[in-house]
Asker: 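Take a look at the following structure, please.
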Amino acid sequence: MPDTIPLFLVDEAQIKSQHADSQSWLAVSGFKGDPGTFCLVPNSQGEVGKVLVGKPQPIDTWTLGNLPQQLPPQQYHLADEWSAEEATRLYLGWQLGQYRFTQYKHAPQKPGARLVPPEKADCAYVEAATESAYLARDLINTPANDMGPADLANRVLEVADKFQADVRVIVGDDLLTQDYPLIHAVGRANDQPPRLIDLHWGDPEAPKVTLVGKGVCFDTGGLDIKNASGMLMMKKDMGGAAIALGLASLVMKLRLPVRLRLLIPAVANSISANAMRPLDVLPSRRGITVEVGNTDAEGRLVLADALWEAASEDPDLLIDCATLTGAARVALGTELPVVFCNHPETVNALLESGQAVDDLLWQLPLHQPYRNMLESKVADISNVSSGSYGGSITAALFLQEFVKPTIPWIHIDVMAWNVRSLPGRPEGGEGMAMRALFELIRRQFHK
């Protein structure tokens, strides 16, 4: 391939058998084909003649994820033969590894290395998955001064316009007249009024898939205010909405045969004279009352109204994504999203889908004996548990109260942020679980 540099994936045996002419250089370089390493091999003119990359077993999406930022900014091609699945994984990982958030940088950015689309790769999928991942990352990385409820709604409108989707936005006191009192209560203290963003796309007769994303654009904790370290990362508290919108974009771009609905309660949990207070009792769209045991447990409140509206249509699959609890991060760390589900076949299919696309999740139980920890003495339910343990489970049990038991429901409790840079996943906002959820929908509702 003219004007491009060949890139070979090799192990120690392949170095000896296929690259004997480079042995002296490789010996000096100390390259042995270990996964995660690479070596630039010069040609007779002293330029980069080829690149050898340590070959992992098995090949996964992240095999080439570091290279776009580490190799010289030239064009490369995969020199080996790969199956369609492997080529797609390698190409996607490279493309995801090219991402950088530079919106607020004035200095010229250095170009990255480029990879020629490999033969057999599903380029349509890679393009769509990359675009959706970048969308989610950009939304999460954008600071709250430029990503308030109105800004988030505008981004949804932009995506909707691209795919000819219908969007309705209910704003401010209209939430009360249209019976979304919990969303209104959480967001009313902010200068940008709360809103519910409601997108529809696809054939109305197709199977219904409904996505709900927590869109808390900044979370002070409300009157139960967070400390400085707890508030520092709260621009990412709309990560669930970003993931849901990215997933919706991926579904629409690849035209999956579903009737898609996306609901995003977009609010900022702020402090002012009209902020909700601890032990306030609030009505909900479902009709039950909720006691506010803690104003910092606001995400489940806005999700509750949105979930009950989602359930009104009895979708074939209901998914919510939320940066909901620190307890989930304590249980599984920051890199492994927690999944709760009321339907064993659905969650098993999701876990298999995640494995298939290198987008892993881990299931925790909807342990019903913990439900009584949400009892309130003055209301139908409290938004927080009476105990300090099992916080991600009790939060999921709270949400389950707003989902009909007959609807297959998935709840993703996610960090939505890479606290360290990994291959293909730079530090910052991340659309965790998005590709796994897409693969589930694709498999479940294929033509």
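Just so you know, these numbers use all the heavy atoms, side chains as well, and skip hydrogens, waters and symmetry mates. The shown structure was predicted, so the numbers you read here are calculated from the model rather than taken from an experiment.
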Asker: Hey, does L247 have a side-chain heavy atom less than 4.5 Å from the side chain of V251?
Answerer: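 V251 reaches L247 side chain to side chain.
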
Asker: Show me the pairs that pass ring pair (Phe, Tyr, Trp, His ring centres under 6.0 Å) and involve residues 368-399, at least two apart or across chains.
Answerer: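 Sorted pair list: H367-Y370, F398-F402.
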
Asker: Can you list everything that forms a ring-ring contact (aromatic ring centres under 6.0 Å, His included) with F38? Sequence neighbours excluded, please.
Answerer: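 None.
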
Asker: Ignoring hydrogens, what is the shortest heavy-atom contact between L262 and A244? Give both atom names and the distance.
Answerer: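 Minimum heavy-atom contact is CD1-CB, 3.6 Å.
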
Asker: Are the side chains of V357 and T61 in touch, meaning some heavy atoms are under 4.5 Å apart?
Answerer: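 Heavy-atom side-chain distance check fails, nothing below 4.5 Å.
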
Asker: Here's one to test your reading of the geometry: is the NZ or CZ of R286 within 45 degrees of the ring axis of W308 and under 6.0 Å from its centre?
Answerer: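 Yes, R286 and W308 form such a contact.
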
Asker: When you compare the side chain of V292 with that of L279, does any pair of heavy atoms fall below 4.5 Å?
Answerer: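 When only atoms from C-beta onward are counted, V292 and L279 do not touch, as no gap falls below 4.5 Å.
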
Asker: Indicate yes or no: does E86 engage K120 in a salt bridge with an N to O separation below 4.0 Å.
Answerer: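 Looking at K120 together with E86, the answer is no, because their closest N to O distance does not fall below 4.0 Å.
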
Asker: Can you check whether T88's main-chain N or O pairs, donor with acceptor, with D122's side chain at less than 3.5 Å?
Answerer: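 Absent.
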
Asker: What's the verdict on salt bridge (charged side-chain N to carboxylate O under 4.0 Å, His left out) for E291 and K377, showing C-alpha distance, side-chain angles and the deciding distance?
Answerer: CA-CA 9 Å; E291 184 178 26; K377 294 179 180 179; over 6 Å; no

Asker: Do L307 and L318 come close enough that some side-chain heavy atom pair is under 4.5 Å?
Answerer: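 Yes, their side chains come closer than 4.5 Å.
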
Asker: According to the ring pair (Phe, Tyr, Trp, His ring centres under 6.0 Å) rule, which pairs have a member within residues 129-166, sequence neighbours left out?
Answerer: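 Of all non-adjacent pairs touching residues 129-166, those that pass ring pair (Phe, Tyr, Trp, His ring centres under 6.0 Å) are Y99-Y134.
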
Asker: Are any non-hydrogen side-chain atoms of M415 and T323 less than 4.5 angstrom apart?
Answerer: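 SC-SC contact between M415 and T323 ruled out.
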
Asker: Measuring from atom CG of L211 to atom CE of M434, what distance do you get when rounded to the nearest 0.5 angstrom?
Answerer: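 Reported value, rounded in 0.5 Å steps: 11.5 Å.
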
Asker: Sequence neighbours excluded and cut-off under 3.5 Å, please list the side-chain donor-acceptor pairs for residues 341-351, or say none.
Answerer:
from, atom 1, to, atom 2, distance (Å)
N342, OD1, W409, N, 2.8
N342, ND2, I407, O, 2.9
H343, ND1, T346, N, 3.3
H343, ND1, T346, OG1, 2.7
N348, ND2, P344, O, 3.2

Asker: Side chains of V212 and L303: closer than 4.5 Å at any heavy-atom pair?
Answerer: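 Touching, per the 4.5 Å side-chain cut-off.
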
Asker: Considering non-hydrogen atoms only, spot the tightest contact between L374 and T394 and give its length.
Answerer: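 Taking L374 first and T394 second, the nearest heavy atoms are CD1-O, 3.5 Å.
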
Asker: Donor-acceptor check, side chain of K110 to backbone of P73, threshold 3.5 angstrom: yes or no?
Answerer: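 Answer holds: no.
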
Asker: Could you go through the side chain to side chain donor-acceptor pair (under 3.5 Å) check for T325 and D413 one step at a time?
Answerer: CA-CA 7 Å; T325 68; D413 191 336; 2.6 Å; yes

Asker: For H411 and D320, what are the C-alpha separation, side-chain angles and deciding distance, and is it a side chain to side chain donor-acceptor pair (under 3.5 Å)?
Answerer: CA-CA 5 Å; H411 163 53; D320 79 77; 2.6 Å; yes

Asker: Measure the CZ-CG distance between R300 and N294 for me, rounded to the nearest 0.5 Å.
Answerer: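 Here the rounded value is 8.5 Å.
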
Asker: For G215 and I264, work out which heavy atoms get closest and say how close.
Answerer: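 So the minimum-distance heavy-atom pair works out to CA-CG2, 4.2 Å.
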
Asker: Which pair of non-hydrogen atoms, one from P426 and one from L96, has the smallest distance, and what is that distance?
Answerer: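 The pair with the smallest heavy-atom distance is CD-O, 4.4 Å.
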
Asker: If you define the side chain from C-beta out and look only at heavy atoms, does anything of L71 sit under 4.5 Å from L7?
Answerer: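 Answer yes - side chains close enough.
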
Asker: For R442, is there an ion pair with E439 - N to carboxylate O distance below 4.0 angstrom?
Answerer: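 Result for this pair is yes, salt bridge flagged.
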
Asker: Determine whether D174 and V171 satisfy the following criterion, side-chain contact (heavy atoms from CB on, under 4.5 Å), listing intermediate values before the conclusion.
Answerer: CA-CA 6 Å; D174 286 347; V171 182; 5.5 Å; no

Asker: Do side-chain atoms of D305 reach the backbone of R285 as a donor and acceptor pair under 3.5 angstrom?
Answerer: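 A pair under 3.5 Å: yes.
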
Asker: Tell me, please, which residues at least two apart from Y180 pass ring-ring contact (aromatic ring centres under 6.0 Å, His included).
Answerer: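 By the ring-ring contact (aromatic ring centres under 6.0 Å, His included) rule, Y180 matches no residue at all.
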
Asker: Strictly distance-based, threshold 3.5 Å: is any side-chain N or O of E335 a donor or acceptor partner for the main-chain N or O of W417?
Answerer: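 Flag not set: sc E335 to bb W417 has no pair under 3.5 Å.
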
Asker: Does T220 reach the main-chain N or O of N269 with its side chain, forming a donor-acceptor pair under 3.5 Å?
Answerer: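 Checking the backbone N and O of N269 against the side chain of T220, a donor-acceptor pair under 3.5 Å is found.
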
Asker: Between atom CG of L250 and atom CG of L437, what is the distance when rounded to the nearest 0.5 Å?
Answerer: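 These two atoms lie 10.5 Å from each other.
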
Asker: Is any side-chain N of the basic residue among R137 and E430 closer than 4.0 Å to the acidic one's carboxylate O?
Answerer: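 Yes, R137 and E430 are salt-bridged.
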
Asker: When rounded to the nearest 0.5 angstrom, what distance separates CG in L139 from CG in D146?
Answerer: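 If we round to the nearest 0.5 Å, L139:CG and D146:CG are 12.0 Å apart.
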
Asker: Measuring from M276:CE to D224:CG, what's the distance to the nearest 0.5 Å?
Answerer: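 These two atoms lie 8.5 Å from each other.
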
Asker: Could you give all pairs that pass the ring pair (Phe, Tyr, Trp, His ring centres under 6.0 Å) test and reach residues 309-328, with sequence neighbours left out?
Answerer: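 Pairs touching residues 309-328 that pass the test: none.
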
Asker: Quick check against the 3.5 Å criterion: does Q192 have a side-chain atom that pairs as donor or acceptor with the backbone of A150?
Answerer: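 Yes: the side chain of Q192 pairs with the backbone of A150.
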
Asker: Taking the side chain from N141 and the backbone from G429, do they hold a donor-acceptor pair closer than 3.5 Å?
Answerer: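 Answer holds: yes.
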
Asker: Which heavy-atom pair separates G246 from L135 by the least distance, and what is that distance?
Answerer: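 In this case the closest contact between G246 and L135 is CA-CD2, 4.2 Å.
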
Asker: Taking side chain as C-beta onward, heavy atoms only, is L175 less than 4.5 Å from L196?
Answerer: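 Contact flag for L175/L196 side chains = yes.
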
Asker: Would you give the length of the straight line joining atom CG of L324 to atom CZ of F340, rounded to the nearest 0.5 angstrom?
Answerer: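 That separation rounds to 9.0 Å.
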
Asker: Using the ring of W201 (Phe, Tyr or Trp, six-membered ring only), decide whether R261 places NZ or CZ under 6.0 Å from its centre and within 45 degrees of its axis.
Answerer: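 No, R261 does not sit over the ring of W201.
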
Asker: With a 3.5 Å distance limit and no angle check, can you tell me whether D151 reaches the backbone of G148 through a side-chain donor-acceptor pair?
Answerer: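 It does hold such a pair.
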
Asker: List the steps and the verdict of side-chain contact (heavy atoms from CB on, under 4.5 Å) for L254 and Y125.
Answerer: CA-CA 7 Å; L254 293 181; Y125 170 76; 3.9 Å; yes

Asker: Run the salt-bridge test on K214 and D237 with the 4.0 Å N-O cut-off and return the result as yes or no.
Answerer: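 Salt bridge present between K214 and D237.
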
Asker: Looking at D203 and R259, does any basic side-chain N land under 4.0 Å from a carboxylate oxygen?
Answerer: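 R259 and D203: not salt-bridged.
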
Asker: Between T289 (side chain) and D380 (backbone), is there a donor-acceptor pair under 3.5 Å?
Answerer: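 Yes, the answer is positive, given that a donor and an acceptor are paired below the 3.5 Å cut-off.
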
Asker: With side-chain contact (heavy atoms from CB on, under 4.5 Å) as the test, would you mind laying out the steps for Y76 and L67 before giving the verdict?
Answerer: CA-CA 10 Å; Y76 301 82; L67 296 185; over 6 Å; no

Asker: So which atom in L332 and which in P337 form the shortest heavy-atom distance, rounded to 0.1 Å?
Answerer: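 Taking L332 first and P337 second, the nearest heavy atoms are CD1-O, 4.3 Å.
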
Asker: Has the side chain of R195 got a donor or acceptor atom that lies under 3.5 Å from a matching backbone atom of P193?
Answerer: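 Side chain of R195 to backbone of P193: a pair is present.
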
Asker: Assess whether side-chain contact (heavy atoms from CB on, under 4.5 Å) is satisfied between V156 and V159, documenting all intermediate values.
Answerer: CA-CA 5 Å; V156 176; V159 172; 5.7 Å; no

Asker: CG of D191: more than 12 outside heavy atoms within 6.0 angstrom?
Answerer: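 Counting neighbours around CG of D191, 12 or fewer heavy atoms of other residues, nucleotides or ligands fall under 6.0 Å, so no.
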
Asker: I would like to know whether D60 and R89 meet salt bridge (charged side-chain N to carboxylate O under 4.0 Å, His left out); could you show each step before the answer?
Answerer: CA-CA 6 Å; D60 66 13; R89 286 175 184 261; over 6 Å; no

